Amino acid sequence: MRSVTTAPSDRRTTISLFSRLRTAEGQADPFPFYTELRAQGAVSPAPWGGFLLTGFSTCDQVLRSSAWLEPDTRWREKQGARTRWSAPSSREISRTLPALNPPEHTRVRRSAGSFDRTTIEQIGRRVGRVVDGLLGTVEERLHSGEADFAALVSEELPVATIGDWLAIPSADWPRLRELTHDQVFTQELLPNASQLARSDAAMAELRSYFLDLVRERRANPGTDPVSRWIHTWDELEPDQDKADEAVYFLALFVLLAALETTATLLSIMTLRLVEDPDRWSLLAAQPDLVPAFVEEALRFDPPTHVISRVAAEDCLLEDVEVRAGEMVHLMVGAAHRDPARFTAPEVFDPHRKPTHLAFSGGIHYCLGAPLARLEAQTLLRHTIARLPRLALVRRPAWAPRVAFRRLQNLDVTLA
Ligand code: HEM
């Protein structure tokens with residue numbers, strides 16, 4: 001068994017590493033930091049408590065095991081009143097699907113339904129039309145110079161897809177998207193007080209928006225998912241206010257989960273395409289490689305770099321003692337570059353057998369993965385087929401984060 005105490009020098013190294021990782025420069029290339037972290041072991045103590053996991057098989061094992069839990073409402077309450085976990089936005093997010101543990105998680109996940117093949121085909125037709133419109137705008141911009149692919153396409157497609165599916169008026173999409181960018185900090189690795197305040201304000205506005213939406217759908221039901229969830233929850237929950245609240249949490253989380261993550265995937269995937277002319281030639285010659293290209297983009301640099309869990313009981317993880325209630329941070333971005341799992345992990349290779357944890361694993365496996373894949377594959381296929389060859393104008397700017405990657409621009413031009 002390995003001791004959990006850290007030498008002061010390791011502690012200082014890790015603190016300095018994370019403060020560099022949290023900057024725009026660190027986010028532009030976080031992978032050298034992950035190499036440094038991996039050198040401290042597959043499981044290393046986090047300076048603020050808990051552990052950092054960098055090994056692929058360790059992360060995979062934690063995600064699939066019932067010995068590891070989500071930091072749920074009870075866990076957050078135990079952390080005390082003056083911690084990030086007591087912020088109103090943290091308490092609110094703790095009541096959404098990804099923060100629940102069984103048996104509550106099982107019940108709520110079942111009530112959400114899934115994106116079956118028929119639904120994906122229906123949404124797919126609309127995604128194709130939206131992509132064509134957005135690429136038309138990119139084409140026009142390119143006539144007069146460069147185009148910001150992130151703003152014109154990556155930010156627009158996810159909100160148009162999920163907004164239409166949830167039957168949310170398009171006039172509300174820009175504000176909702178802005179709020180999702182603000183609320184993300186409560187789910188970040190080390191949010192500061194002003195970021196938490198932004199999350200709290202965003203969450204309060206989202207709560208009031210979605211509760212109104214649920215009440216409006218209850219009065220005027222349609223064929224949309226929110227109306228269907230009301231029907232489902234009326235059968236599960238005799239108290240109508242509680243049923244409405246359950247539907248609110250589903251609709252809220254679907255919106256939060258679907259926007260930034262997918263926008264980041266679309267941008268990162270396009271960045272991989274335009275930064276190397278050989279990749280464009282490869283896909284143009286072999287469009288069947290599109291799904292594998294998307295999966296490799298998800299491995300190479302996933303939209304979510306950190307997933308957290310807490311130990312259900314005292315246990316040993318890779319020989320390190322972890323106590324019940326201690327948190328582990330699965331450094332997914334690092335795990336995806338684990339040389340013990342991947343040959344030449346730093347090489348972007350769409351011929352690789354796809355394996356990654358970008359959509360998590362086990363019971364919390366991303367509900368929207370088929371939708372994210374649909375959007376990414378459709379965009380990539382249409383981009384190659386329709387646009388002239390593109391090149392990167394400048395390296396993109398990155399938001400200063402750790403867990404949720406965000407490109408702030410993706411400027412392209414005709415090659
Ligand atoms: C590239 C895009 C996406 C990425 C990288 C992504 C990533 C993730 C990850 C890592 C989790 C699990 C978190 C955990 O284990 O604690 C998750 C859960 C979830 N995602 Fe996604 N997601 C994406 C798109 C979407 C979309 C489009 C939707 C909705 C339509 C969605 C809905 C959900 C939901 C509802 C959960 C909670 C599942 C549960 O806890 O049972 N996601 N996603």
Side-chain angles (χ1 to χ4, degrees), residues 53 59-60 62-65 68-72 75 93-116 119-120 123-124 127 154 157-166 168 177 180 184 187 189 224-226 229 249-270 294-295 297-310 327-333 335-336 356-380 403-407:
L53 276 46
C59 292
D60 196 32
V62 167
L63 289 174
R64 287 169 199 283
S65 159
W68 297 93
L69 300 174
E70 290 284 354
D72 58 14
W75 183 89
I93 209 85
S94 77
R95 298 184 57 201
T96 62
L97 185 57
L100 304 178
N101 288 308
E104 189 59 7
H105 175 265
T106 321
R107 180 168 117 108
V108 176
R109 174 119 186 176
R110 232 175 251 153
S111 80
S114 60
F115 289 98
D116 58 28
T119 314
I120 284 292
I123 301 178
V127 167
S154 311
L157 179 57
V159 76
T161 307
I162 211 76
D164 184 70
W165 185 64
L166 292 173
I168 291 174
R177 185 175 47 198
T180 62
V184 81
Q187 302 184 65
L189 188 57
D224 60 285
V226 177
W229 290 330
F249 279 120
L250 278 179
L252 167 75
F253 191 72
V254 162
L255 184 91
L256 298 184
L259 297 195
E260 259 205 14
T261 48
T262 314
T264 301
L265 169 60
L266 302 180
S267 283
I268 286 184
M269 168 191 90
T270 309
V294 171
E295 298 310 306
L298 283 162
R299 179 202 69 88
F300 193 77
D301 190 352
T304 310
H305 273 212
V306 187
I307 299 175
S308 300
R309 292 287 187 272
V310 293
M327 183 170 260
V328 293
H329 300 293
L330 284 56
M331 304 300 293
V332 173
H336 284 187
H356 59 73
L357 304 172
F359 292 126
S360 187
I363 61 168
H364 291 281
Y365 184 80
C366 175
L367 194 75
L371 193 57
R373 287 188 165 116
L374 169 77
E375 291 177 55
Q377 293 176 11
T378 309
L379 177 60
L380 192 52
F404 294 90
R405 305 273 281 150
R406 185 173 178 213
L407 281 86

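When reading the values below, keep in mind they use all heavy atoms of this one structure, side chains included, and skip hydrogens, waters and symmetry mates. Source: prediction; values computed, not measured. In each ligand, atom 1 is the first atom listed, and ligand 1 is the first ligand listed.
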Taking the side chain as C-beta and beyond, is there a heavy-atom pair between [X] and [Y] under 4.5 Å?
X      : Y      : value
Val332 : His305 : no
Asp72  : Glu104 : no
Ile363 : His105 : yes
Leu371 : Ile120 : yes
Leu63  : Leu357 : yes
His336 : Pro302 : yes
Thr96  : Leu252 : yes
Trp165 : Val254 : yes

Could you grab the distance from atom [atom1] of [X] to atom [atom2] of [Y], nearest 0.5 Å is fine?
X      : Y      : atom1 : atom2 : value
Glu375 : Thr262 : CD    : OG1   : 5.0 Å
Asp301 : Leu407 : CG    : CG    : 8.0 Å
Leu69  : Ser308 : CG    : OG    : 13.0 Å
Arg95  : Leu100 : CZ    : CG    : 9.5 Å

Could you list the atoms of ligand 1 found under 4.0 angstrom from a heavy atom of [X]?
X      : answer
Leu371 : 30 (C)
Phe115 : 30 (C)
Glu70  : 14 (C), 15 (O), 16 (O)
Pro303 : 5 (C)
Arg309 : 14 (C), 15 (O), 16 (O)
Ile162 : 30 (C)
Ile307 : 10 (C), 14 (C), 15 (O), 16 (O)

How far is [atom] from its nearest protein heavy atom, and which residue and atom is that?
atom                    : result
atom 40 (O) of ligand 1 : His364 ND1, 2.7 Å
atom 7 (C) of ligand 1  : Ala358 O, 3.5 Å
atom 34 (C) of ligand 1 : Phe253 CE2, 3.6 Å

Practice item. Would you please determine whether Glu375 falls within less than 4.0 Å of ligand 1 on a heavy-atom basis? Key: no
Review point. Is Trp165 near ligand 1, meaning one of its heavy atoms is under 4.0 Å from it?
Key: no
Practice item. Please answer whether the main-chain N or O of Arg405 pairs with a side-chain N or O of Thr264 as donor and acceptor at a distance below 3.5 Å. Key: yes
**Study point:** Mutual orientation of the aromatic rings belonging to Phe359 and Tyr365 [parallel < 30°, tilted 30-60°, perpendicular > 60°]
**Key:** perpendicular
Check your understanding: Are there any protein N/O/S atoms under 2.8 Å from atom 21 (Fe) of ligand 1, and if so, which?
Key -> Cys366 SG
Within reach of ligand 1, part of [X] (heavy-atom separation under 4.0 Å):
X      : value
Ile363 : backbone
Thr262 : both
Arg109 : side chain
Leu97  : both

**Study point:** Nearest option to atom 1 (C) of ligand 1, as decided by whichever heavy atom of Thr161, Thr106, Leu265 sits closest
**Key:** Leu265
